[in-house]
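Notes for the one structure printed next.
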Amino acid sequence: MEIVLIIVLAFALLGMTYLYNKVRVELRTVKRSDFMMRAFLRNYSHEVHSPLKVIERIADIMLEKDLYLSKNEKHDMGDQLHYNVNVISLLLDEVMVFTDADAKSHQLKDEMFSPNALCRRCLEANMHNTYLRDQVRLNFQRDMDDEFFVKSDRHVVDLILNKLLLNACKFTEKGEITMGCNITERNGYLTIFVSDTGVGIPEQRKDNLFSWFDSPDDMMDEAEQDLSICQRLAVKLGGGLEIDPNYMNGTRILLFLPLK
């Protein structure tokens with residue numbers, strides 16, 4: 001009888017230990033998610049205020065009485081509006097991605113599209129991102145036929161590429177930013193790359209650049225948050241992001257997507 005009681009107590013203790021560990025893990029996950037959400041919202045608030053202030057300043061100028069603007073001034077204001085509206089649009093997309101990144105209910109919407117056409121559209125949408133830097137050129141490197149099509153979630157790929165281009169524009173003072181795609185860099189995958197002649201990424205930050213940060217203190221800046229979200233999206237598509245270790249003129253980021 002005593003042996004049976006000991007066995008029952010042992011199983012009860014094991015069950016309690018299991019439940020305790022499970023609750024502890026769940027509480028840690030909730031706490032971590034709360035940290036991440038607060039960090040995301042803090043950086044999002046910081047990022048969105050800058051373009052809003054520019055738009056507000058331009059609106060104030062437009063409301064001035066007896067306003068006269070030269071052709072160059074109108075062009076510059078138009079470029080600023082395009083740039084800042086594009087930034088806000090990407091930030092809104094990022095909110096959607098961040099809040100839906102872990103949702104199991106989210107379904108990818110595969111469709112056929114031309115990588116060349118998508119790259120050109122992304123470059124065109126980001127032309128105004130270099131309006132303060134006349135020494136920066138945006139280029140498209142054509143390595144495949146325009147008739148080559150792939151199957152993936154075009155909207156998600158578009159979001160990733162726009163974030164990569166926007167970050168490249170932020171950190172490139174002069175030179176060029178080049179986007180292109182090929183199927184030769186990794187067997188069985190489409191490779192879309194964004195290269196720039198900017199300041200580059202410090203060696204000590206490269207290993208964890210695309211990692212999902214475990215606490216707000218682990219995240220160095222908004223660029224790391226953007227890249228970590230982009231990496232999660234790329235993995236969801238069956239691919240991933242990498243830094244080209246052989247590129248020495250700045251930064252070259254590779255997006256790999258499986259060929260279907």
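Please read these numbers as outputs of a predicted model, since none were measured by experiment. The first residue of the sequence shown is numbered 1, and numbering continues consecutively from there. Side chains are part of it too, since the values below use all heavy atoms of this structure and drop only hydrogens, waters and symmetry mates.
- Asn116 contributes no side-chain N or O that, together with a main-chain N or O of Phe148, makes up a donor-acceptor pair within less than 3.5 Å.
- Around atom CD of Glu124, no more than 12 heavy atoms belonging to other residues, nucleotides or ligands sit under 6.0 Å away.
- Using a 4.5 Å cut-off between side-chain heavy atoms of Ile, Leu, Val, Met, Phe, Trp and Tyr, with links allowed through other members, Leu164 and Ile201 fall into the same hydrophobic cluster.
- Contacts of Met248 classified as side chain to side chain contact (heavy atoms under 4.5 Å, CB included), with partners at least two apart in sequence or in another chain: none.
- Pairing each heavy atom of Cys230 with each of Ile160, the nearest pair is O-CD1, 3.9 Å.
- Between Lys163 and Leu233 there is no side-chain heavy-atom pair separated by less than 4.5 Å.
- Across every non-hydrogen atom of Leu138 and Asn126, the tightest pair is CD1-O, 3.5 Å.
- A donor-acceptor pair shorter than 3.5 Å cannot be found between the side chains of Gln141 and Asn139.
- Residues that satisfy the side chain to side chain contact (heavy atoms under 4.5 Å, CB included) test with Asp145, not counting sequence neighbours, are Arg142, Glu147.
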(message) Quick one, Val157 with Ile192, criterion side chain to side chain contact (heavy atoms under 4.5 Å, CB included). Give me CA distance, side-chain angles, the key distance, then yes/no.
(response) CA-CA 10 Å; Val157 177; Ile192 304 179; 4.3 Å; yes

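- Among residues two or more places apart in sequence or in another chain, the salt bridge (Lys or Arg N to Asp or Glu O under 4.0 Å) test is passed with Arg186 by Glu242.
- Hydrophobic clustering keeps Val194 apart from Tyr189 (ILVMFWY residues linked when any side-chain heavy atoms are closer than 4.5 Å, directly or through intermediates).
- A distance of 4.5 Å separates SG in Cys122 from CG in Asp158, rounded to the nearest 0.5 Å.
- Among residues at least two apart or in separate chains, there is no salt bridge (charged side-chain N to carboxylate O under 4.0 Å, His left out) pair with a member in residues 188-201.
- Of all heavy-atom pairs between Pro115 and Leu190, the closest is CG-CD2, 3.8 Å.
- Residues Asp153 and Lys236 form no side-chain contact, since every pair of their non-hydrogen atoms from C-beta on lies 4.5 Å or further apart.
- Ile243 and Leu241 fall within the same hydrophobic cluster, defined by Ile, Leu, Val, Met, Phe, Trp and Tyr side-chain heavy atoms under 4.5 Å apart, directly or through other members.
- Listed by chain and residue number, Asn72, Glu73 satisfy the side chain to side chain contact (heavy atoms under 4.5 Å, CB included) test with Ser70 (two or more places apart in sequence, or in another chain).
- If you take CG on Leu123 and CG on Leu118, they are separated by 9.5 Å, rounding to the nearest 0.5 Å.
- Taking every heavy atom of both residues into account, Glu173 and Val136 meet most closely at O-CG2, 3.4 Å.
- Counting heavy atoms from C-beta outward, Val150 and Phe113 have side chains that approach closer than 4.5 Å.
- Under the 4.5 Å side-chain heavy-atom criterion for grouping Ile, Leu, Val, Met, Phe, Trp and Tyr, Leu165 is connected to Leu237 within one hydrophobic cluster.
- Contact annotation: the side chain of Phe193 approaches that of Thr178 to within less than 4.5 Å [non-hydrogen atoms, C-beta and beyond].
- A distance of 9.0 Å separates OG1 of Thr191 from CE of Met144, quoted to the nearest 0.5 Å.
- Grouping the Ile, Leu, Val, Met, Phe, Trp and Tyr side chains by contacts below 4.5 angstrom, directly or via other members, places Phe149 apart from Ile183.
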Just distance, no hydrogens or angles: give the donor-acceptor pairs under 3.5 Å from side chains in residues 252-260, sequence neighbours left out.
{"from": "Arg252", "atom 1": "NH1", "to": "Glu185", "atom 2": "OE1", "distance (Å)": "3.3"}
{"from": "Arg252", "atom 1": "NH1", "to": "Asp244", "atom 2": "OD2", "distance (Å)": "2.7"}
{"from": "Arg252", "atom 1": "NH2", "to": "Glu185", "atom 2": "OE2", "distance (Å)": "2.7"}
{"from": "Lys260", "atom 1": "NZ", "to": "Asp110", "atom 2": "OD2", "distance (Å)": "3.0"}

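- Considering all non-hydrogen atoms of both residues, Asp143 and Cys181 come closest at CB-O, 3.5 Å.
- Taking every heavy atom of both residues into account, Thr197 and Lys174 meet most closely at OG1-O, 2.9 Å.
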